[in-house]
Amino acid sequence: MSTLKAVRGTRDLLPPETALWNRIEATARTVFARYNFGEIRTPIFEDTALFARGVGEETDIVSKEMYTWEDRARAQSEKTQTLTLRPENTAGVVRAYIEHKLGETGQLQKLYYIGPQFRRERPQKGRYRQFSQIGAEVIGPPSSGSESPLRDAEVLDMLASLLDELGISGWTLHINSVGSSADRARYNETLRAALIPLAPQMCVDCQRRAVTNPLRVLDCKIPEDQPIIETLPKIVDSLDEESKNHFAAVTAALDMAGVPYTRNHRLVRGLDYYTRTTFEFTHGGLGAQNALLGGGRYDGLSEAIGGPKAPGIGFAMGEDRLVLTLQALDTLVAEKGHAYIAPLGEGMNPAALALARELRRAGLTVELGEGSFRLKKSFETAEKVSRRIVILGEDELASGILTVKDFATGTQTKVPRAELAAVLAAPANA
RNA sequence: GCGGCCUUAGUUCAGCGGCAGAACGCCUGACUGUGGCUCAGGAUGUCGCGGGUUCGAUCCCCGCAGGCCGCCCCA
């Protein structure tokens, strides 16, 4: 019988790696809280129509990467429904915003989420079929200030602070404006026309893109094509005055706040709902999947899925990629517990449990040994998982004076039971 | 969805058409309540799965699966 394995593109996360995941999530929650974001949890599956209308029917995500199935009807009278595992979370958040009439509060909604997303792509490093995103959205009626360029700058400032706090050094923030959807359509045609005479000199991929999706030519990584791409019209020249001014206000705020960024005329993101400001934080250590996070403004998304006018801006960070980056930077230090209790002889086991319970209730991390172990084995095991070892034998139990050895210093002391928790809680003696 | 490389012990990896290997880790002992060093010994396993060629396949061939790299796309 063949053994069952995690399905392609999914994986188990085990200790100690999960400690890193928890640290990332805890840091994100802390930073988001400082900016007054609250958590939202939306369902992992939604009506397929939400993604088709929100993300865009023509995008790769919707047209070929979604896990979609027909949910069977419970009764003759009930229609079957097409459901989809969420491939991203922004559409779900906006759906919830509309459904719960959050716009009626008149207040700006600042929501963050952490959770799994699903896309059926060919897996590779930093790209999985189930992956986790940490994201946030700022959305509200125009009267709440949701359209303000200050919101864009604040989100970018928050992200820069979060990455710094996580200890991710060497990131680059790329920003651009893709304007209104009309601006983008106009630019697409400008680009297509400009490429007609140039494409024959470019790589085969670009020759294809020039016809199928001109915007993607800007992403080409072939060195020979770069000088040609530099000569292409820039999207900024296709923007209307309002979008230009909005973008100028975003960069002015970033300059004043001291958030470093790179103006990237070639940053064109793939989801249909993006308007005006778009951005990406990249990191060199990730290979082809070098985007740590991406996001942008989506002023028309709510209306696209049947809601009121509700401009917004948001982002999604690839949590798996944050983990990869931090692992490459070697910032993972395994935390050792406070103490390992070594009972001498199986007869000491019950007393050892009682002692462990006492210390754990005092808030210490305690590993409980086993009386059948020889002391040598207890020491070897203890050294791997704990900062100190506590020996519990007949003498210690009778006298109430325990033997404690500190692995960092190699010093051994006798400690009365009443003082034990305090001694173990103290940092290693120098 | 396309192309390339890869898959052998718990881990990292050698290897060869003829008994399955190293290092690290693990277990036992030297050493009954003091580890880390040392020494002596021990267990590792469907050589990814399924076919084929062959007297004989872990090795050669084909298919499949999974991983990695690139394309596509994206977080």
Side-chain angles (χ1 to χ4, degrees), chain A residues 1-11 14 55-56 58-65 86-90 114-135 159 203-206 208-209 212-213 215-216 219-222 267-271 274 278-283 286-296 314-325 340 342-345 348 369 371-386 388-396 403-408 410-412:
Chain A
M1 191 167 71
S2 61
T3 52
L4 293 168
K5 300 193 299 184
V7 308
R8 183 168 166 84
T10 70
R11 61 210 177 116
L14 307 171
V55 177
E58 300 307 315
T59 61
D60 278 26
I61 291 177
V62 172
S63 65
K64 52 190 192 196
E65 295 174 1
R86 63 187 186 195
E88 58 94 59
N89 218 328
T90 298
I114 298 175
Q117 318 292 335
F118 307 85
R119 291 181 201 173
R120 200 182 176 290
E121 295 180 273
R122 178 102 168 223
Q124 49 181 271
K125 188 175 196 167
R127 193 170 76 187
Y128 309 98
R129 290 182 170 184
Q130 176 178 333
F131 58 100
S132 179
Q133 287 189 333
I134 300 176
L159 286 166
C203 69
V204 287
D205 283 331
C206 282
R208 177 176 45 74
R209 291 169 180 136
T212 60
N213 195 347
L215 293 179
R216 295 261 80 90
D219 289 335
C220 179
K221 299 179 190 86
I222 307 287
L267 177 68
V268 181
R269 302 188 50 76
L271 278 56
Y274 284 121
T278 57
F279 56 88
E280 214 171 84
F281 283 72
T282 59
H283 197 276
L286 283 167
Q289 270 64 48
N290 70 346
L292 281 173
L293 69 93
F315 63 85
M317 323 178 68
E319 193 175 3
D320 305 74
R321 294 182 186 177
L322 294 178
V323 169
L324 282 171
T325 304
Y340 180 98
L344 291 178
M348 287 294 110
S372 63
F373 290 175
R374 291 175 51 182
L375 196 53
K376 170 188 166 106
K377 179 169 173 172
S378 292
F379 264 89
E380 287 172 350
T381 307
E383 211 269 337
K384 285 176 189 137
V385 301
S386 297
R388 294 186 178 87
I389 186 170
V390 176
I391 296 167
L392 181 62
E394 301 283 354
D395 295 349
E396 285 83 358
T403 305
V404 177
K405 186 160 182 178
D406 187 313
F407 289 119
T411 55
Q412 187 163 313

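A quick note: this is a predicted structure, and the numbers were derived from the prediction, not measured. Residue numbers start from 1 in every chain, and the chains themselves are labelled A, B, ... in the order their sequence lines are given, proteins ahead of strands.
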Worksheet item: Paired stems touching RNA chain B, three or more consecutive Watson-Crick or G-U pairs with both distances under 3.5 Å?
Response: B:1-7 with B:65-71, B:10-13 with B:21-24, B:26-30 with B:38-42, B:48-52 with B:60-64
Worksheet item: When you look at CD of Q412(A), are more than 12 heavy atoms from neighbouring residues, nucleotides or ligands closer to it than 6.0 Å?
Response: yes
Discussion item. Would you call the rings of F407(A) and F379(A) parallel, tilted or perpendicular, taking 30° and 60° as the class edges?
Written reply: perpendicular
Worksheet item: Considering only the P atoms, how many Å lie between rC62(B) and rC19(B), rounded to the nearest integer?
Response: 25 Å
Discussion item. Distance check, P atoms only: rC6(B) and rG15(B), in whole angstrom units.
Written reply: 12 Å
Worksheet, complete the sentence: Between V7(A) and S132(A), whichever has its closest RNA chain B nucleotide further toward 5' is V7(A)
Worksheet item: What's the base orientation of rC64(B): syn (chi within 90° of 0) or anti?
Response: anti
Fill in: Between P of rC74(B) and CD1 of I134(A), the distance in whole Å
21 Å
Item to complete: For F281(A), enumerate each residue passing the ring-ring contact (aromatic ring centres under 6.0 Å, His included) test, keeping only those at least two apart in sequence or located in another chain.
Response: W171(A)
Worksheet item: Which heavy-atom pair separates S63(A) from E58(A) by the least distance, and what is that distance?
Response: OG-O, 4.3 Å
Practice prompt. Give the B/S/- string for nucleotides 2-11 of chain B, one per nucleotide from 5' to 3', where a protein heavy atom under 4.0 Å of the base yields B, of only the sugar-phosphate yields S, and otherwise -.
Written response: BBB-------
Worksheet item: Taking CD from E65(A) and C1' from rC74(B), how many angstroms apart are they, rounded to a whole number?
Response: 7 Å
Worksheet item: Does any non-hydrogen side-chain atom of Q130(A) lie less than 4.5 Å from one of R11(A)?
Response: no
Discussion item. Run the salt bridge (charged side-chain N to carboxylate O under 4.0 Å, His left out) test against K377(A) and tell me which residues pass, sequence neighbours left out.
Written reply: none
Discussion item. Rounded to whole Å, please give me the gap between CD in E121(A) and P in rG67(B).
Written reply: 14 Å
Item to complete: Examine distances only and state if a side-chain atom of R8(A) and a backbone atom of R122(A) form a donor-acceptor pair shorter than 3.5 Å.
Response: no
Item to complete: For rA22(B) and rG45(B), measure between their C1' atoms and round to the nearest Å.
Response: 15 Å
Practice prompt. Please state how far atom CG in N89(A) lies from atom C1' in rC74(B), giving the value in whole angstrom units.
Written response: 16 Å
Worksheet item: Given the C1' atoms of rG35(B) and rU46(B), what is the spacing between them in whole Å?
Response: 38 Å
Worksheet entry | Atom-to-atom span, OH of Y128(A) to C1' of rG67(B) - whole angstrom | 10 Å
Worksheet item: Please give, in whole Å, the distance from rC74(B) P to Q124(A) CD?
Response: 14 Å
Worksheet item: Can you find a side chain N or O atom of R127(A) that sits less than 4.0 Å from OP1 or OP2 on rC71(B)?
Response: no
Worksheet item: Does some side-chain heavy atom of K405(A) sit less than 4.5 Å from a side-chain heavy atom of I391(A)?
Response: no
Worksheet item: Rounded to the nearest Å, what distance is computed from the NZ atom of residue K64(A) to the P atom of nucleotide rC73(B)?
Response: 8 Å
Discussion item. For a 4.5 angstrom cut-off between non-hydrogen side-chain atoms, does L293(A) reach F279(A)?
Written reply: yes
Worksheet item: Considering all heavy atoms of both residues, which atom of P87(A) and which atom of I61(A) are nearest to each other, and what is their separation?
Response: CB-CG2, 3.6 Å
Discussion item. In whole Å, measure the gap between the C1' atoms of rC61(B) and rA23(B) for me.
Written reply: 34 Å
Worksheet item: Closest approach of G9(A) and Y128(A), non-hydrogen atoms and distance?
Response: O-CB, 3.3 Å
Fill in: Separation of the P atoms in rG18(B) and rC60(B), to the nearest angstrom
11 Å
Fill in: Separation between the P atoms of rA43(B) and rA20(B), rounded to whole Å
15 Å
Practice prompt. Mind checking side-chain hydrogen bond (donor to acceptor under 3.5 Å, both in side chains) for E121(A) and listing every partner two or more places apart, or none if nothing turns up?
Written response: none
Item to complete: Would you mind building the protein contact string for nucleotides 26-37 of chain B? One character per nucleotide, 5' to 3', B for base within reach (heavy atoms under 4.0 Å), S for sugar-phosphate only, - for untouched.
Response: SS-SBS-BBBS-
Discussion item. Please give the distance between the P atoms of rU53(B) and rC59(B) as a whole number of Å.
Written reply: 15 Å
Worksheet item: Is a side-chain N or O of R321(A) found less than 3.5 angstrom from the main chain of A291(A), in a donor-acceptor match?
Response: yes
